[in-house]
Amino acid sequence: MTSYLSHIKLLGKRLLLVTALYQICRILFFLFNFTSFSKASFYEFLGGIRFDLSTIAYTNLIIIIAHTIPGNFKDNILYQKIVKRVYFGLNAIFIATNFIDMEYYKFTGKRSSYGMITAQGMENEITGLVFSFMTEFWYILLILVLLLFLFWKLIPTSLPLSRNSEYSLKHIIITSLSFIAIITVTVIIGRGGTQRKPLKRVDAIQYGSAQTSALVLNTPFSILKTLSKKEDLSIPNYFNPTTLAKYFNPIKTYTSKQPFTKKNVVIIILESFGNENIGSNLSDKSYTPFLDSLITQSLFFRNGFANGRLSIDAVPSILSSIPSLMNNNFIQSTYAFNKIKGLPKILKEQGYHTSFFHGAFNGSQNFDQYAKISGFDAYYGKNEYPYPGGEDGRWGIFDEEFLQFFGEKLANFKAPFFTTLFTISSHNPYIIPEKYKNRFPKGTTKIHESIGYTDYALSKFFDRVKHESWYKNTLFVLSADHTSAGGKGFYNTSLGKLSIPILFFDPSNNELKGTNDKNFQQIDILPTILEYLNYEGKILSFGNSLSENDRMIACYQNNAYHFVKKEYYLIFDGNKTLGFYNWKKDSMQTVNISETERERRIEFEKQAKAYIQCFNSRVVNNQLTLD
């Protein structure tokens, strides 16, 4: 038994070392993202150990078996060398994934999933982006190398082992039972305990709040829990069909006394133009002077919200009124080929020519694929840009050049037309043309200079098109895709990280102006456009038109549902409320009013459940159209 016990002790030391390294990773994650976790407590770090142990148990299962399987062959020097190297290699890979989120978390607001690290839909860009990230964040790579070097040096090695063979029946029974017990304990630790269901990402909120759950988690755990690329939705059975329709019905019927107005419709989606970057929300110098001026001529929604945290979430939200309510992105999910009927198909039925523009490499984020599925007539990406130069060397064509190309194409489209353009330059690594270096304010975060550049490119676009014959017969809708990193105060809360500018601009309508205080989200854009054009008919939309008041903001982030209705904000995990706030009075969401506003919270929960049940059911059953 002496030899067998020495292997168990060696295993214990090695697992303890890995556990310590995971704590170092969490401390580094905390320091690199301190502004997001400034209110975190020791409890988040303590709770994180549970998730670390779960991850270590799963990822080291083969190592645990190698150390504890009965038999004296474990004393062989070659065997020990192989086990040591496999132990180091496996753990080095998973420890390294933690470093992805040291900076990436600032942009996504959540721990990376399997789909995010495999960069689905970004195959063309990934080589350049990896190089760019390694260059820009070289210090993170350096820290990782130093940590792994320290790891190798500190690996406990086996002591001289007894060569006495132990083949007695007693020895065989004890070692076999010990092996079974150790594997059993490993499985229990891996599932997070003996509770009914294994540990899930959403369980992190038990040790803090929605804002600090990412600190409790570790990236390897998040990756392991999302290894299935499908990430299929389940359909909850909260209500019967009659009761469900009472609380939420996505089928909208529009009537109008006026004939359909065949105005051109131009949607411009601005990369990372969160409200934290807009001049009207800043006390210092504006980074968006042109957008600020356009806001004064438009209907601007002060309380605009994104329905997701990523660019890939914004496209189905804005164009098809489909919010991001699952772990995977809709465009990359099992349901990407569901039948949908968004603005491209609806307006095409009204005689519109439809097109989608995105200056990045074709295939970027599967936008070209989604353009086909959603019914656009034409897609224009980097491949379709006809002029030499203009490339940023990472994503595609600089915004100024591509917006000018956009304006050129619009002049040749037959009216009425519906088109969408997605800007790219204000995306990490925030490259702007050399000729504009030091022209725009550097600001307080890396993104601000590129925000200023894209704002300038946008102004040049409007300068170009405002004299075109089609201009005054056009409705322009501008919306950010999501917020950016570096927001402060409210913009650093889980709700504030969804706060974006949304505005409607019609140069022929002086009444479509002013600041509207209604809560308004990306999925409200589709029905509002149709209502503005005097559309008649039925549509399926998870959002509401401007004239409808019973709207509810919906998003899924940090492994929980987030809903906003008027001044109330609900964080719900599908079974229970995790937080309930009056965000108008308590913008920092510091006072949970779940019990003091119990009746209101229970009613809100019913509406949230109905929304979730309806969404999941229609997505799973491919019922996102009325056809």
Side-chain angles (χ1 to χ4, degrees), residues 256 258-270 290-291 293-300 315 318-319 342-359 367 371 374-381 384-387 390 397 399-424 454-479 501-513 525-536 545-546:
S256 177
Q258 303 296 324
F260 185 84
T261 305
K262 289 195 173 184
K263 280 183 175 288
N264 305 308
V265 178
V266 176
I267 295 178
I268 299 177
I269 305 174
L270 299 168
F290 174 74
L291 188 61
S293 67
L294 190 62
I295 284 173
T296 65
Q297 304 172 54
S298 309
L299 178 63
F300 173 64
V315 171
I318 292 172
L319 300 179
L343 284 170
K345 290 182 179 178
I346 294 171
L347 293 180
K348 193 172 181 178
E349 290 176 349
Q350 302 295 325
Y352 282 67
H353 173 271
T354 61
S355 57
F356 189 101
F357 290 75
H358 186 225
F367 286 163
S374 56
F376 280 102
D377 292 319
Y379 179 87
Y380 297 91
E384 287 70 36
Y385 182 74
Y387 304 111
I397 309 301
D399 282 344
E400 182 180 9
E401 283 82 357
F402 201 72
L403 276 162
Q404 290 299 303
F405 168 63
F406 181 50
E408 176 188 315
K409 296 298 293 184
L410 295 185
N412 296 315
F413 286 157
K414 182 181 178 181
F417 55 77
F418 164 62
T419 188
T420 300
L421 177 134
F422 204 132
T423 67
I424 70 168
T454 295
D455 183 75
Y456 172 75
L458 192 63
S459 72
K460 297 283 284 184
F461 165 75
F462 274 91
D463 284 343
R464 177 188 181 114
V465 303
K466 66 184 179 183
H467 301 298
E468 297 283 356
S469 59
W470 54 265
Y471 178 73
K472 288 192 175 180
N473 190 41
T474 301
L475 171 66
F476 294 89
V477 180
L478 284 79
S479 171
I502 302 176
L503 56 110
F504 284 65
F505 169 61
D506 183 344
S508 67
N509 187 353
N510 288 326
E511 294 182 2
L512 193 70
K513 289 183 179 180
I525 290 174
L526 179 152
T528 300
I529 288 175
L530 294 180
E531 184 178 67
Y532 186 74
L533 299 177
N534 301 315
Y535 178 82
E536 287 195 285
S545 67
L546 179 58

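Heavy-atom basis, side chains included; hydrogens, waters and symmetry copies ignored.
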Compare all side-chain heavy atoms of Phe462 with those of Leu294 and state whether any distance is below 4.5 angstrom. yes
Would you mind reporting whether Leu347 and Leu533 have side-chain heavy atoms less than 4.5 Å apart? yes
Are side-chain heavy atoms of Tyr456 and Glu400 found at a separation under 4.5 Å? yes
Side chains of Tyr387 and Glu408 only: does a donor on one sit below 3.5 Å from an acceptor on the other? yes
On a heavy-atom basis, which atom in Ser355 and which in Thr419 lie closest, and how many Å separate them? OG-OG1, 2.8 Å
Ring-plane angle category for Phe461 and Phe406, please: parallel below 30°, perpendicular beyond 60°, tilted otherwise. parallel
Atom CG of Leu530 and atom CD1 of Ile525: how far apart are they, to the nearest 0.5 Å? 12.0 Å
Using the benzene-type ring in the case of Trp, are the ring centres of Trp470 and Phe417 under 6.0 Å apart? yes
For Phe402 and Phe357, take the angle between the two ring planes, folded into 0 to 90°, and tell me which bin it lands in: parallel under 30, tilted 30 to 60, perpendicular over 60. perpendicular
Passes side-chain contact (heavy atoms from CB on, under 4.5 Å), Gln297 versus Phe505? Steps please. CA-CA 7 Å; Gln297 304 172 54; Phe505 169 61; 4.1 Å; yes
Is the backbone of Ser293 close enough, under 3.5 Å, to the side chain of Thr296 for a donor and an acceptor to pair up by distance? yes
Main chain of Gln404, side chain of Lys460: is a donor-acceptor contact present, judged purely on distance under 3.5 Å? no
Tyr352 side chain reached by Phe413 side chain, heavy atoms, under 4.5 Å: no
Search all heavy atoms of Pro344 against all heavy atoms of Ser374 and return the closest pair with its distance. CB-O, 3.3 Å
Any heavy-atom pair between the side chains of Tyr532 and Leu512 that's under 4.5 Å? yes
Quick one: closest heavy-atom pair of Ser479 and Ile502, and the distance? OG-CG1, 3.8 Å
Over all heavy atoms of both residues, which pair between Asp455 and Leu291 is shortest? Give the atoms and the distance, please. OD1-N, 2.9 Å
Between the main-chain N or O of Gly381 and the side-chain N or O of Glu384, is there a donor-acceptor pair closer than 3.5 Å? yes
4.5 Å side-chain heavy-atom contact, Tyr535 and Ile529: no
Quick check on Lys345: does its NZ atom have over 12 non-hydrogen neighbours (other residues, nucleotides or ligands) under 6.0 Å away? yes
Please tell me if the side chains of Phe405 and Ile397 come closer than 4.5 Å, counting only heavy atoms from C-beta onward. no
Can you list the residues that meet the side chain to side chain contact (heavy atoms under 4.5 Å, CB included) rule with Glu511, with sequence neighbours excluded? Asn509
Scan for salt bridge (charged side-chain N to carboxylate O under 4.0 Å, His left out) pairs involving residues 462-476, sequence neighbours excluded, and state none if there are none. Asp463-Lys466
Sequence-distant partners of Lys348, salt bridge (charged side-chain N to carboxylate O under 4.0 Å, His left out), two or more places apart: Asp377
Could you tell me whether the side chain of Thr528 and the main chain of Leu546 form a donor-acceptor pair under 3.5 Å? yes
Calculate, to the nearest 0.5 Å, the distance between atoms CD1 and CG belonging to Ile295 and Leu503 respectively. 5.5 Å
State, yes or no, whether a side-chain contact exists between Thr474 and Val465 at a heavy-atom distance under 4.5 Å. no
Residues in side chain to side chain contact (heavy atoms under 4.5 Å, CB included) contact with Thr420, at least two apart in sequence or another chain: Ile267, Ile269, Leu319, Phe356, Phe376, Phe418
Asn264 (side chain) donor-acceptor with Ala415 (main chain) under 3.5 angstrom: no
Taking salt bridge (charged side-chain N to carboxylate O under 4.0 Å, His left out) as the definition, give me every residue that meets it alongside Lys409, ordered by chain and number, with sequence neighbours left out. none
How long is the straight-line distance from OG1 of Thr423 back to CG of Leu403, given to the nearest 0.5 Å? 7.5 Å
For Phe422, ring-ring contact (aromatic ring centres under 6.0 Å, His included) partners two or more places apart: His358, Phe367
Can a donor-acceptor pair be found, under 3.5 Å and without considering hydrogens, that links the side chain of Thr261 to the backbone of Lys263? no
